[in-house]
Amino acid sequence: MNKFGWILVLALLACPAIAGETSFWIEPQVVYNKEKSLSRIDAGLSGNIAESIGYFAFGQALSNGYSQLYGGPNWKPLSWLEVGVGVGAESVKPSLRRSAYFLATEGKVSALGIYENGGSGRFRKLVATYQITESLKLGVMSETYLGFGPRVEYAVTKSISLWGAVLRDHESQTTNAVFATTINF
């Protein structure tokens, strides 16, 4: 990791010390299609510094050797909307990685959008879900390199969820199955 990456890690580790409550999550995933499978681990943390101002960090490691880490401030301008921007580093070249996201939740509906750009190129992820029961959510998902399709999520406990999606990438003409476990701390 370059000097900038280490500075970012130290700054993000300092955030919980100056802020109140910090939440952590980790999400092991498997992506499978007829030609190959790939595993990845996504992880993050977030917390508040003031009532509507906070911070976040996101890290990812893939079985193909790619990894990234970024973080920055977030803002909650409305009770149902959170937005954030981040900067960090990735293992490709290694180079700078920039990100922006939104999270909108109102009642049983939620939507998450992530946009990244940097040395390895542009990336986007969109997830929209509707809560059918206390444990079951149905929705759709779109992710760069994987495609678009339905997603189902089941809450095993308050802190553990299982989800899966079948995504069709029309550019590469492949269908990808994604299975994951989300663990919140």
Side-chain angles (χ1 to χ4, degrees), residues 23-46 56-70 74 76 78-86 90 92 97-118 120-185:
S23 61
F24 301 90
W25 61 270
I26 187 165
E27 188 174 88
Q29 302 177 18
V30 174
V31 179
Y32 176 80
N33 65 39
K34 287 183 181 180
E35 298 168 11
K36 64 180 186 263
S37 68
L38 176 75
S39 59
R40 66 185 185 191
I41 296 178
D42 292 356
L45 65 85
S46 62
F56 77 99
F58 174 78
Q60 182 180 62
L62 279 68
S63 59
N64 67 4
Y66 177 84
S67 61
Q68 66 175 338
L69 175 67
Y70 60 77
N74 59 26
K76 198 164 186 171
L78 303 166
S79 63
W80 54 270
L81 178 65
E82 179 178 298
V83 294
V85 294
E90 66 179 349
V92 176
R97 195 80 178 146
R98 296 171 302 278
S99 72
Y101 80 91
F102 74 87
L103 174 61
T105 54
E106 182 64 37
K108 296 181 176 191
V109 177
S110 68
L112 168 69
I114 302 167
Y115 176 79
E116 299 174 3
N117 200 358
S120 61
R122 293 180 179 154
F123 172 85
R124 60 148 180 75
K125 181 175 184 175
L126 298 169
V127 177
T129 60
Y130 181 79
Q131 190 155 5
I132 304 295
T133 68
E134 194 165 313
S135 299
L136 181 65
K137 291 182 182 179
L138 298 178
V140 293
M141 178 174 164
S142 176
E143 185 172 322
T144 303
Y145 311 118
L146 296 181
F148 173 81
R151 173 180 162 134
V152 62
E153 183 175 335
Y154 181 76
V156 178
T157 67
K158 189 175 181 179
S159 59
I160 299 173
S161 295
L162 305 173
W163 67 264
V166 178
L167 309 174
R168 178 71 177 163
D169 184 6
H170 294 287
E171 188 174 309
S172 66
Q173 296 298 308
T174 58
T175 300
N176 298 287
V178 183
F179 302 100
T181 302
T182 305
I183 304 164
N184 294 291
F185 300 95

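We're numbering straight along the sequence, starting at 1.
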Q: Show your working on side chain to side chain contact (heavy atoms under 4.5 Å, CB included) between Phe56 and Tyr101 and close with a plain yes or no.
A: CA-CA 11 Å; Phe56 77 99; Tyr101 80 91; 3.7 Å; yes
Q: May I have the step-by-step check of side chain to side chain contact (heavy atoms under 4.5 Å, CB included) for Phe148 and Leu126, ending in yes or no?
A: CA-CA 9 Å; Phe148 173 81; Leu126 298 169; over 6 Å; no
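Residues in residues 147-167 take part in these side chain to side chain donor-acceptor pair (under 3.5 Å) pairs, two or more places apart or across chains: Glu27-Trp163, Arg151-Glu153. Among residue pairs with one or both ends in residues 121-131, those qualifying as side chain to side chain donor-acceptor pair (under 3.5 Å) are Ser110-Thr129, Tyr115-Arg122, Arg124-Ser142; sequence neighbours excluded. A salt bridge (charged side-chain N to carboxylate O under 4.0 Å, His left out) check over residues 159-179, counting only residues at least two apart or in different chains, returns nothing.
Summarising the geometry, atom CG belonging to Leu103 is positioned 7.5 Å from atom NZ belonging to Lys76; distances are rounded to the nearest 0.5 Å. One distance of note links OG1 of Thr181 with CD1 of Ile160; it measures 8.0 Å at 0.5 Å rounding. Here the OG1-CG distance, from Thr105 to Leu81, works out to 8.5 Å after rounding to the nearest 0.5 Å.
Between Gly149 and Leu167, the shortest heavy-atom contact is N-CD2, 3.4 Å. Pairing each heavy atom of Met141 with each of Ala165, the nearest pair is SD-CB, 4.1 Å.
Legend: residues meeting side chain to side chain donor-acceptor pair (under 3.5 Å) with Ser23, ordered by chain and number and at least two apart, are Ser46.
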Residues 133-140 side chain polar contacts: donor-acceptor under 3.5 Å, at least two apart:
from   : atom 1 : to     : atom 2 : distance (Å)
Thr133 : OG1    : Ser135 : N      : 3.3
Thr133 : OG1    : Leu136 : N      : 3.1

Side-chain donor-acceptor contacts of residues 30-38 below 3.5 Å, not counting sequence neighbours, with atom names and distances?
from  : atom 1 : to     : atom 2 : distance (Å)
Asn33 : OD1    : Glu35  : N      : 2.9
Asn33 : OD1    : Lys36  : N      : 2.9
Asn33 : ND2    : Asn176 : OD1    : 2.9

Please list every donor-acceptor pair under 3.5 Å in which a side-chain atom of residues 61-69 meets a protein atom from a residue at least two apart or in another chain.
from  : atom 1 : to     : atom 2 : distance (Å)
Ser63 : OG     : Ser39  : N      : 3.1
Ser63 : OG     : Ser39  : O      : 3.3
Asn64 : OD1    : Tyr66  : N      : 3.1
Tyr66 : OH     : Gln68  : OE1    : 3.3
Tyr66 : OH     : Glu90  : OE1    : 2.6
Gln68 : OE1    : Arg97  : NE     : 3.3
Gln68 : NE2    : Gln60  : OE1    : 3.1
Gln68 : NE2    : Glu116 : OE1    : 3.2
Gln68 : NE2    : Glu116 : OE2    : 3.4

